[in-house]
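Structure record follows, encoded as structure tokens.
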Amino acid sequence: MPRFSAYSASKAGVVRLTETVAEDVRESGVRVNAIAPGAVNTRLVDEVLAAGERAGADFYEKAIEQKLQAHSAGARAELAVFLASPAAAGLRGD
């Protein structure tokens with residue numbers, strides 16, 4: 001995605017940090033996970049739509065699709081609750 005290098009790098013950084021911290025605290029029994037929520041209608045989608053094709057034609061088209069699909073954050077919230085529960089005891093971000 002053109003002009004999104006900082007955004008992409010930050011996502012990769014979260015994944016690596018999660019993996020590293022999960023390994024660092026493995027013996028303590030602390031679970032460390034990250035959620036990559038995928039496409040969720042956020043302010044970023046609105047900003048891409050406002051920028052139009054200056055955001056990159058492909059990215060702009062994907063933002064239009066995303067806005068129409070209207071993904072909610074509800075399922076992502078349910079995942080967060082699950083990961084914090086005893087049912088996810090065997091899951092770690094490593």
Side-chain angles (χ1 to χ4, degrees):
M1 294 186 298
R3 299 184 221 21
F4 281 83
S5 56
Y7 177 81
S8 299
S10 68
K11 292 238 179 225
V14 167
V15 170
R16 182 60 65 209
L17 177 64
T18 300
E19 293 169 344
T20 303
V21 173
E23 186 61 33
D24 286 347
V25 299
R26 174 187 298 276
E27 292 180 16
S28 70
V30 173
R31 294 181 316 222
V32 179
N33 289 290
I35 298 172
V40 176
N41 284 336
T42 63
R43 188 178 72 193
L44 175 61
V45 174
D46 294 333
E47 290 173 359
V48 170
L49 292 173
E53 292 199 6
R54 288 180 295 137
D58 290 343
F59 195 58
Y60 176 65
E61 291 299 320
K62 288 179 184 177
I64 291 172
E65 252 182 69
Q66 168 59 36
K67 194 67 171 184
L68 293 174
Q69 292 175 0
H71 293 277
S72 75
R76 284 67 174 193
E78 289 174 14
L79 176 57
V81 170
F82 169 75
L83 287 173
S85 76
L91 300 176
R92 292 187 312 264
D94 56 349

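Keep in mind that this is a model prediction, so the values were computed, not measured. Counting from 1, the numbers follow the sequence of the chain as shown.
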### Task
Go through the structure and list residues passing side-chain contact (heavy atoms from CB on, under 4.5 Å) with Ser28, not counting sequence neighbours.
Val25, Val30
### With Ile64 via side-chain contact (heavy atoms from CB on, under 4.5 Å) - residues at least two apart
Leu49, Tyr60, Glu61, Leu68
### Query
What residues, two or more places apart in sequence or in another chain, satisfy side-chain contact (heavy atoms from CB on, under 4.5 Å) together with Ala77?
none
### Summary
Residue pairs meeting side-chain hydrogen bond (donor to acceptor under 3.5 Å, both in side chains), one or both in residues 42-53, sequence neighbours left out, come to Arg43-Glu47, Asp46-Lys67
### Summary
Rounding to 0.5 Å, atoms OG (Ser10) and CG (Leu17) come to a distance of 12.0 Å
### Task
Enter the distance from Phe59:CZ to Leu44:CG here, rounded to the nearest 0.5 Å.
5.0 Å
### Query
Quick one: side-chain contact (heavy atoms from CB on, under 4.5 Å) partners of Ala36, sequence neighbours excluded?
none
### Query
Which heavy-atom pair separates Ala55 from Val48 by the least distance, and what is that distance?
CB-CG1, 3.9 Å
### Query
Between Val14 and Ala34, which heavy-atom pair has the shortest distance, and what is it?
CG1-CB, 4.2 Å
### Query
Could you walk me through whether Glu78 and Phe82 pass the side-chain contact (heavy atoms from CB on, under 4.5 Å) check?
CA-CA 6 Å; Glu78 289 174 14; Phe82 169 75; over 6 Å; no
### Query
Taking 4.0 angstrom as the limit, do Arg16 and Glu19 come out as a salt bridge?
yes
### Query
How long is the span from the CG atom in Leu83 to the CG atom in Leu79, to the nearest 0.5 Å?
4.5 Å
### Message
Are more than 12 heavy atoms, taken from residues, nucleotides or ligands other than Asp58, located less than 6.0 Å from that residue's CG atom?
### Response
no
